[in-house]
Amino acid sequence: MYRSHTCGELRPSSIGQTVTLSGWLQKSRDLGGMTFIDLRDRYGITQLAFNMDEDAKVCEEARKLGREFVLQIEGEVIERSSKNTKIPTGEIEIRVSKITVLNGSKTPPFTIENETDGGDEIRAQYRYLDLRRNPVQQKLLLRNKVALETRKYLDTLGFLDVETPILIKSTPEGARDFVVPSRMNEGEFYALPQSPQTFKQLLMVSGFDRYYQIVKCFRDEDLRADRQPEFTQIDCEMAFVEQEDILTTFEGMIQHLFSEVRGVELDATFPRMTYAEAMEKYGSDKPDIRFALEFVDLNSAAKGKGFGIFDEAEQVLAINAQDCAGYTRKQLDKLTDWVKRPQIGAKGMIYLKCNEDGTYKSSVDKFYSQENLAEWAQVANAKPGDLLLVLSGDLEKVRKQMGELRLHMGDELGLRNPNVFKPLWVIDFPLLEWDEETNRYHAMHHPFTSPKPEDMNLIDTDPGKVRANAYDLAMNGVELGGGSIRIHDRELQARMFDLLGFSKEEAEAQFGFLMSAFEYGAPPHGGLAFGLDRLVATMDGAESIRDYIAFPKNNRGRDVMIDAPSPLNEEQMKELGIKKL
RNA sequence: GGUCUGGUAGUUCAGUUGGUUAGAAUAUCGCCCUGUCACGGCGAGGGUCGCGGGUUCGAGUCCCGUCCAGACCGCCA
């Protein structure tokens, strides 16, 4: 028996008991006549006490032990004479009678404590050591709890967990595929799934009715703090449902998760907003609605007054930063520099200070009278003391820029409280998106998304205007998940592929299996998928998903601990029929 | 593909206008210390200043290239 208790469970009620504990030596404090050791495991820390007067031999042994040694100790639970109120086991300690060193340890490259001295790089390289730290373990515990509650909720509703293959077929739509060479079929490749999309649709055709899977997906695209090459989806699909059924079902799931895992009760029904409205008011398809700062259209108030930049702009937009009229020249210059960074790409920024005395001060006073400026303020609903920030340019660009500025101001003004959670369904996404580079439409969601029936008349005349039965769940400016009602009709699916520029032959070669399946009684169906990593990070008020993945990859897609990817040897290459260019 | 920030002791960082032997904290090691829990005191060891080239009497510092890390843009149905 390695242990009778964990390092987190002993309390004064156990005083007098003889116990056996196993764990890691986190820290020892040698006071000369006595030595204290913090013994750590996943459950907590228990202090071991050694005294030269009581047991010189064991005390001498204890003084020789280094950090991260794996110890088994035996001893008596005693009351501390000086208690530590900061930890749950702080009222007791162990008077140790026997130490067994189960394993020694080199001095770790960084301290294994809640507040480590190690930076990101060294911790990534020694991820197994970083994972010993309590705050990191807590994050994986949270993830476990979210996954468990997800299964509970979906299971209760009759969802079936069905596994789908990982070695599948590369398709041209969407993200770049990770590919796997096939030894038995020389010169041919599998692809790893970007999502189990087509398989879950086939399961609907098979009559499984309600499917879910917590499943790895793979996309070979450049990474971000919230994007990993392999990530986990809560993937769901339902048959005989309309969009409304799906939204309410998964609204319920998110509410369940927040309630069970975080003790947070979300809105009883999540607000909904069309894609068009989200773009118009927030310049984003995943608006952070924890705060307002909504866009104000200044076109009619600001154009045609002789200020060339505005006159020539397609769109003049403002946001009203309330009570910010006191911003200094320096602060405004800093904001201007911020929007002019290449990543934002604005040419400049105009401001309007609504002074407390009712006058207006702007950076374009030359072109506008006080009356003109009063009109801006009125359109923006600005009161004395407020500050308008104004950008102009092409509609799409200026919305995007203003969207970034809005989030930046939200950060600066402390309006993005990580303990406030504001879900939002964004609905009525466009079916198609024009791709400037390839000069064709591509599916905004994916090629299996059904158009809205009432927009079907536009599909030949103005396909870009067709809206889809597609929806995203945004929360705090993060896209947590999304889905759609799917096409279940062979002819419509074929029409979609045609719109996307596939020839009949290509469509048949790539997705023939799906269209064939639709010929055998495919039920109406739809679904969605949540990004588990993002969901967990968002629930924890964090932006980077890396901390919530046990063994994440860095921003170049490398695992710096195992040093992957790595070259193959000649023999393997030959066997796979692959040659390096 | 691009933009920005960084790379100096095991670790986290400082290093002034280009100028003597590159510092601090922490970790490690040694000695002292009987109630610590960020223990304390004294002392010691520890450096390819990412790498390559250039400018200069002289480069951690300036220039060019390159590698690595992080954030972002493009990209991510």
Side-chain angles (χ1 to χ4, degrees), chain A residues 26-39 45-54 56 59 63-64 66-68 78-87 89-91 93 106-126 129 171-177 194-195 197-198 217-229 231 337-338 340-345 400-401 404 408 429-433 435-437 441-449 468 470 472 479 482-484 496 500 529 531 543-544 546 554-556 558 560:
Chain A
Q26 172 147 324
K27 190 159 215 177
S28 66
R29 291 175 291 278
D30 183 352
L31 272 62
M34 50 194 322
T35 291
F36 298 99
I37 286 178
D38 289 339
L39 193 70
I45 286 177
T46 298
Q47 176 166 283
L48 313 178
F50 303 86
N51 194 312
M52 283 305 260
D53 290 345
E54 291 170 11
C59 196
R63 292 169 76 164
K64 293 194 190 102
R67 278 163 53 205
E68 299 307 311
I78 58 173
E79 186 176 8
R80 288 203 201 183
S81 60
S82 26
K83 297 183 172 48
N84 182 352
T85 54
K86 290 179 198 159
I87 60 172
T89 61
E91 290 183 61
E93 64 193 4
K106 285 167 69 172
T107 303
F110 50 90
T111 58
I112 314 291
E113 291 176 47
N114 291 2
E115 301 285 333
T116 182
D117 64 356
D120 294 338
E121 208 173 332
I122 195 89
R123 286 190 289 125
Q125 196 185 331
Y126 295 91
L129 294 182
T171 56
E173 273 284 318
R176 215 172 277 121
D177 285 316
Q194 297 173 30
S195 85
Q197 183 60 38
T198 49
C217 302
F218 307 86
R219 293 177 192 177
D220 187 10
E221 296 293 345
D222 286 3
L223 308 175
R224 294 286 186 276
D226 64 348
R227 268 162 37 188
Q228 284 273 302
F231 61 99
D337 288 343
W338 190 86
K340 283 164 81 174
R341 288 182 320 146
Q343 277 87 345
I344 306 296
K400 197 157 186 223
Q401 292 162 356
E404 296 294 334
H408 182 70
F429 273 79
L431 182 68
L432 302 167
E433 201 171 26
D435 187 340
E436 296 284 351
E437 271 177 35
Y441 283 109
H442 68 230
M444 193 154 186
H445 185 55
H446 58 50
F448 318 109
T449 300
D472 272 4
E479 181 197 325
S484 61
M496 254 319 266
L500 295 171
E543 282 174 17
S544 176
R546 265 176 226 162
N554 73 7
N555 66 351
R556 297 271 301 255
R558 298 201 68 88
V560 296

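Below, read A as the first sequence line, B as the second, and so on, with proteins coming before strands; counting in each chain starts at 1.
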Problem set entry | Phosphate OP1/OP2 of B:rC73: any A:Arg224 side-chain N/O under 4.0 Å | yes
Exercise. Is the distance from OP1 or OP2 of B:rC75 to the nearest side-chain N or O of A:Arg176 less than 4.0 Å?
Worked result: no
Seminar exercise, completed: Here the distance between atom P of B:rU12 and atom CG of A:Asp117, to the nearest Å, is 7 Å
Exercise. Which part of the nucleic acid does A:Arg123 contact within heavy-atom distance under 4.0 Å: base, sugar-phosphate only, or nothing?
Worked result: nothing
For this session: Select base, sugar-phosphate, or nothing to describe what A:Asp120 touches, counting heavy atoms under 4.0 Å on all strands.
Result: nothing
Exercise. Out of B:rG35, B:rA69, B:rG74, which has the shortest distance to the side chain of A:Glu93?
Worked result: B:rG35
Problem set entry | Within 6.0 Å of CZ in A:Arg341, more than 12 heavy atoms from elsewhere | yes
Exercise. So does A:Arg556 reach the base of B:rC67 with its side chain, donor to acceptor, closer than 3.5 Å?
Worked result: no
Exercise. Got a sec, which residues hit ring-ring contact (aromatic ring centres under 6.0 Å, His included) with A:Phe50, two or more places apart in sequence or on another chain?
Worked result: none
Seminar exercise, completed: Those residues at least two apart in sequence (or on a different chain) that pass ring-ring contact (aromatic ring centres under 6.0 Å, His included) with A:His442 are none
Problem set entry | Distance, rounded to the nearest Å, where A:Trp338 contributes CH2 and B:rC4 contributes P | 17 Å
Exercise. With sugar-phosphate meaning primed atoms plus P, OP1 and OP2, does A:Phe110 contact a base, only sugar-phosphate, or nothing at under 4.0 Å between heavy atoms?
Worked result: nothing
Problem set entry | Spacing of A:Glu121 atom CD relative to B:rU8 atom C1', expressed in whole Å | 14 Å
Exercise. How long is the line joining CG of A:Leu48 and C1' of B:rC39, in whole Å?
Worked result: 17 Å
For this session: Check the distance between B:rA71's P and A:Leu223's CG and give it to me in whole angstrom.
Result: 9 Å
